[in-house]
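Single-structure report; data block below.
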Amino acid sequence: HGGNDVGYQVNDINEKNITLSIAQKIKDGNQNSQVGIFLTRDSDTNPSVEQRINMIEQMDADIFIDLNVSKDTQSSTFGTSVFYKTDYYNSELTNVTFADIMEQNIVKAIEGKAIGIFESDDEEFSLLIDQKIPSLSVTCGYISNIKEGEMLTREAYQNNFANGVLSAIDEVIEKLY
């Protein structure tokens, strides 16, 4: 999402702003000199899926994390979930392990609720298709839940979320190298 594509929106809260803000906080908060964080968008633009995949390949990335926000018909739904593809396998780190590490670290950092880790389908998570590196899609929360939607816009909450992602990245990089 980005540019004219706001993603999910409830009232004045939209997915593109939340995910960009969290992604920038992840990049800015990285203190591990062994880890370079690259964003497939660092402003309010909307590169195509193909452009994003090309960027990932050109960056020669070691891992890939997609951030999204969701909404549900049940306004009571809230929490964090992580989606993965089973195609990638490394004896040191599978996508399932990566997803579990990511969700545990985020939930601990935000003192939130884990919905679970799930295998993704190709249609909804096209950026995860054919990745040759550990790859995840992280659902940051549900803007259809009024309380969580408001929390997702708060700077402190976004910083905590970013710190959870960074902790997971550090743990995963340690397993890979």
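Note that the structure is predicted; figures quoted are calculated from it, not measured. All heavy atoms count here, side chains included; hydrogens, waters and symmetry mates do not.
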Stepwise side chain to side chain contact (heavy atoms under 4.5 Å, CB included) check, V138 with L67 = CA-CA 5 Å; V138 177; L67 299 176; 4.1 Å; yes
Would you call T139 and I115 a side-chain contact if the rule is heavy atoms closer than 4.5 Å?
-> no
What closest approach, in Å, do I133 and A61 show between heavy atoms, and which atom pair accounts for it?
-> CG2-O, 3.3 Å
Does G164 offer a backbone N or O that forms a donor-acceptor pair with the side chain of K108 under 3.5 Å?
-> no
Between G3 and K16, which heavy-atom pair has the shortest distance, and what is it?
-> O-NZ, 2.7 Å
For the residue pair M102 and I65, establish whether any side-chain heavy-atom pair is separated by less than 4.5 Å.
-> yes
Contact check, side chains of I26 and L166, non-hydrogen atoms, under 4.5 Å | yes
With ring centroids as reference points, do F78 and Y142 lie under 6.0 angstrom apart?
-> no
Heavy-atom closest pair (K85 atom, N95 atom, distance to 0.1 Å) is O-ND2, 2.8 Å
Counting distance only, does the side-chain N/O of N145 pair as donor-acceptor with the main-chain N or O of S75 below 3.5 Å?
-> yes
Between the OG atom in S137 and the CZ atom in F83, the distance rounded to the nearest 0.5 Å is 7.0 Å
Go through R52 and N46 one step at a time and tell me if the side chain to side chain contact (heavy atoms under 4.5 Å, CB included) criterion holds.
-> CA-CA 9 Å; R52 291 176 198 238; N46 187 18; 3.2 Å; yes
Flag yes if I56 and V49 sit in one hydrophobic cluster, no otherwise; membership is Ile, Leu, Val, Met, Phe, Trp, Tyr, and two members link when side-chain heavy atoms are under 4.5 Å apart.
-> yes
Rounded to the nearest 0.5 Å, what's the gap from CD1 on I106 to OG on S81? Could you check?
-> 9.5 Å
If every non-hydrogen atom of D42 is compared with every non-hydrogen atom of Q24, which pair is closest and at what distance?
-> O-NE2, 3.1 Å
Verify the cluster assignment for F38 and L136: are they in a single hydrophobic cluster under the rule of side-chain heavy atoms below 4.5 Å apart?
-> no
Test item: side-chain donor near acceptor, D100 and Q104, under 3.5 Å | yes
So Y84 and E119, side chain to side chain contact (heavy atoms under 4.5 Å, CB included) or not? Walk me through it.
-> CA-CA 5 Å; Y84 63 90; E119 185 173 3; 4.0 Å; yes
Measure the CD-CD1 distance between Q34 and I173 for me, rounded to the nearest 0.5 Å.
-> 9.5 Å
Count the heavy atoms of every other residue, nucleotide or ligand shown that sit under 6.0 Å from NZ of K113, and state whether that count exceeds 12.
-> yes
For the residue pair E148 and Y157, establish whether any side-chain heavy-atom pair is separated by less than 4.5 Å.
-> yes
Does the side chain of I63 reach to within under 4.5 Å of the side chain of L176, using non-hydrogen atoms?
-> yes
Is there a chain of hydrophobic side chains (I, L, V, M, F, W, Y, each step under 4.5 Å between heavy atoms) that links F98 to V96?
-> yes
Measure from the side-chain N and O atoms of D170 to the backbone N and O of N32, and report whether any donor-acceptor pair falls under 3.5 Å.
-> no
Tell me whether I37 is reachable from L20 by hopping between hydrophobic residues (I, L, V, M, F, W, Y) whose side-chain heavy atoms are closer than 4.5 Å.
-> no
Might you work through the side chain to side chain contact (heavy atoms under 4.5 Å, CB included) test for R41 and T19, ending with a clear yes or no?
-> CA-CA 10 Å; R41 73 179 184 104; T19 55; 3.5 Å; yes
Q51 CD to T40 OG1 distance, which is reported to the nearest 0.5 Å | 10.0 Å
Would you call E57 and K132 a salt bridge, using N to O less than 4.0 angstrom?
-> no
In short, S144 meets D72 closest at the heavy-atom pair OG-N, 2.8 Å
Pick from I13, V69, I110: which one makes a side-chain contact (heavy atoms from CB on, under 4.5 Å) with L152?
-> V69
What distance do Y8 atom OH and H1 atom NE2 have between them, rounded to the nearest 0.5 Å?
-> 7.5 Å
Between V172 and L93, what is the shortest heavy-atom contact and its length?
-> CG1-CD2, 3.3 Å
Roughly how far, to the nearest 0.5 Å, is CG of N14 from CD of Q9?
-> 5.0 Å
Should I101 and V107 be regarded as members of a common hydrophobic cluster, given that ILVMFWY residues are connected when their side-chain heavy atoms come within less than 4.5 Å of each other, either directly or indirectly?
-> no
Do I143 and I18 have side chains that get closer than 4.5 Å, going by heavy atoms?
-> yes
